[in-house]
Amino acid sequence: MEKKIRQLIKEAMIEKNKNKQITYKSILENAQKIAKKTNRAVTDEDIITAIKNEIKQLNDLMGYVSPTDSGRISEITEKVNYCTEVLPKQATKEDIMDFLTGANLEKNIGVCMKVLKEKFGVNMDGKMANAVVRDYIAGK
């Protein structure tokens, strides 16, 4: 994935698309910071985590932008779209519930979350998975 991000940065430079270039550079820099903390090379998981962090920061920023500032809103929305374009498909609520019921796991949050993290890894939203596990335990 790191090569893909680097290629996207080059393409953005050729297109002279500053928003795209800034967004992808930010993702790569954040992934490098994540990898540096554990003293290893950048992994796909680092890139995915950096993309999710970038999306979260952009969505948080959106909350502080004036509703009348349509230019800034469209810029942030554009950057979020660039991030989601490179983010691998995330597990849906249905994917998680299907896995839980198919695996017939013990109805224990810790056990379920551990197995889900092993199965889906960074391709799963932890908060959403936790809610699905609670529904699974409740028998919904």
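Source: prediction; values computed, not measured.
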Heavy-atom count around [X] [atom1] within 6.0 Å, excluding the residue itself: above 12?
{"X": "K3", "atom1": "NZ", "value": "no"}
{"X": "Q90", "atom1": "CD", "value": "yes"}
{"X": "K33", "atom1": "NZ", "value": "no"}

Which distance, rounded to the nearest 0.5 Å, do you find between the [atom1] of [X] and the [atom2] of [Y]?
{"X": "C83", "Y": "I51", "atom1": "SG", "atom2": "CD1", "answer": "7.0 Å"}
{"X": "E15", "Y": "Q21", "atom1": "CD", "atom2": "CD", "answer": "10.0 Å"}
{"X": "N30", "Y": "Q32", "atom1": "CG", "atom2": "CD", "answer": "9.5 Å"}
{"X": "D44", "Y": "M1", "atom1": "CG", "atom2": "CE", "answer": "6.5 Å"}
{"X": "Q7", "Y": "K4", "atom1": "CD", "atom2": "NZ", "answer": "11.0 Å"}
{"X": "L28", "Y": "E54", "atom1": "CG", "atom2": "CD", "answer": "11.5 Å"}

Count I, L, V, M, F, W, Y as connected when their side-chain heavy atoms are under 4.5 Å apart, and connections chain through other members. Are [X] and [Y] then in the same cluster?
{"X": "M13", "Y": "I27", "result": "yes"}
{"X": "M128", "Y": "I48", "result": "no"}
{"X": "F99", "Y": "M97", "result": "yes"}
{"X": "V80", "Y": "I22", "result": "no"}

Verdict with supporting geometry, R6 and E2, salt bridge (Lys or Arg N to Asp or Glu O under 4.0 Å): CA-CA 6 Å; R6 289 184 185 280; E2 182 179 5; 3.0 Å; yes
Taking the side chain from [X] and the backbone from [Y], do they hold a donor-acceptor pair closer than 3.5 Å?
{"X": "Y136", "Y": "L105", "answer": "yes"}
{"X": "D46", "Y": "V42", "answer": "no"}
{"X": "N19", "Y": "K79", "answer": "no"}
{"X": "S74", "Y": "S70", "answer": "yes"}
{"X": "K114", "Y": "I109", "answer": "no"}

I5/I9 under side chain to side chain contact (heavy atoms under 4.5 Å, CB included): CA gap, chis, key distance, verdict: CA-CA 6 Å; I5 298 294; I9 293 169; 4.2 Å; yes
Verdict with supporting geometry, I96 and M124, side chain to side chain contact (heavy atoms under 4.5 Å, CB included): CA-CA 9 Å; I96 294 169; M124 173 185 76; 3.9 Å; yes
Any chance the side chains of [X] and [Y] put a donor and an acceptor closer than 3.5 Å?
{"X": "D95", "Y": "T92", "answer": "yes"}
{"X": "K52", "Y": "Q57", "answer": "no"}
{"X": "N17", "Y": "Y82", "answer": "yes"}

Flag side-chain contact, heavy atom, 4.5 Å: [X] against [Y]:
{"X": "M62", "Y": "T77", "result": "yes"}
{"X": "L61", "Y": "R72", "result": "yes"}
{"X": "E29", "Y": "I34", "result": "no"}

Over all atoms of both residues, closest heavy-atom pair of I76 and L58: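 In this case the closest contact between I76 and L58 is CG2-O, 3.5 Å.
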Distance-minimising heavy-atom pair for A50 and A31: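 The answer is CB-N, 3.6 Å.
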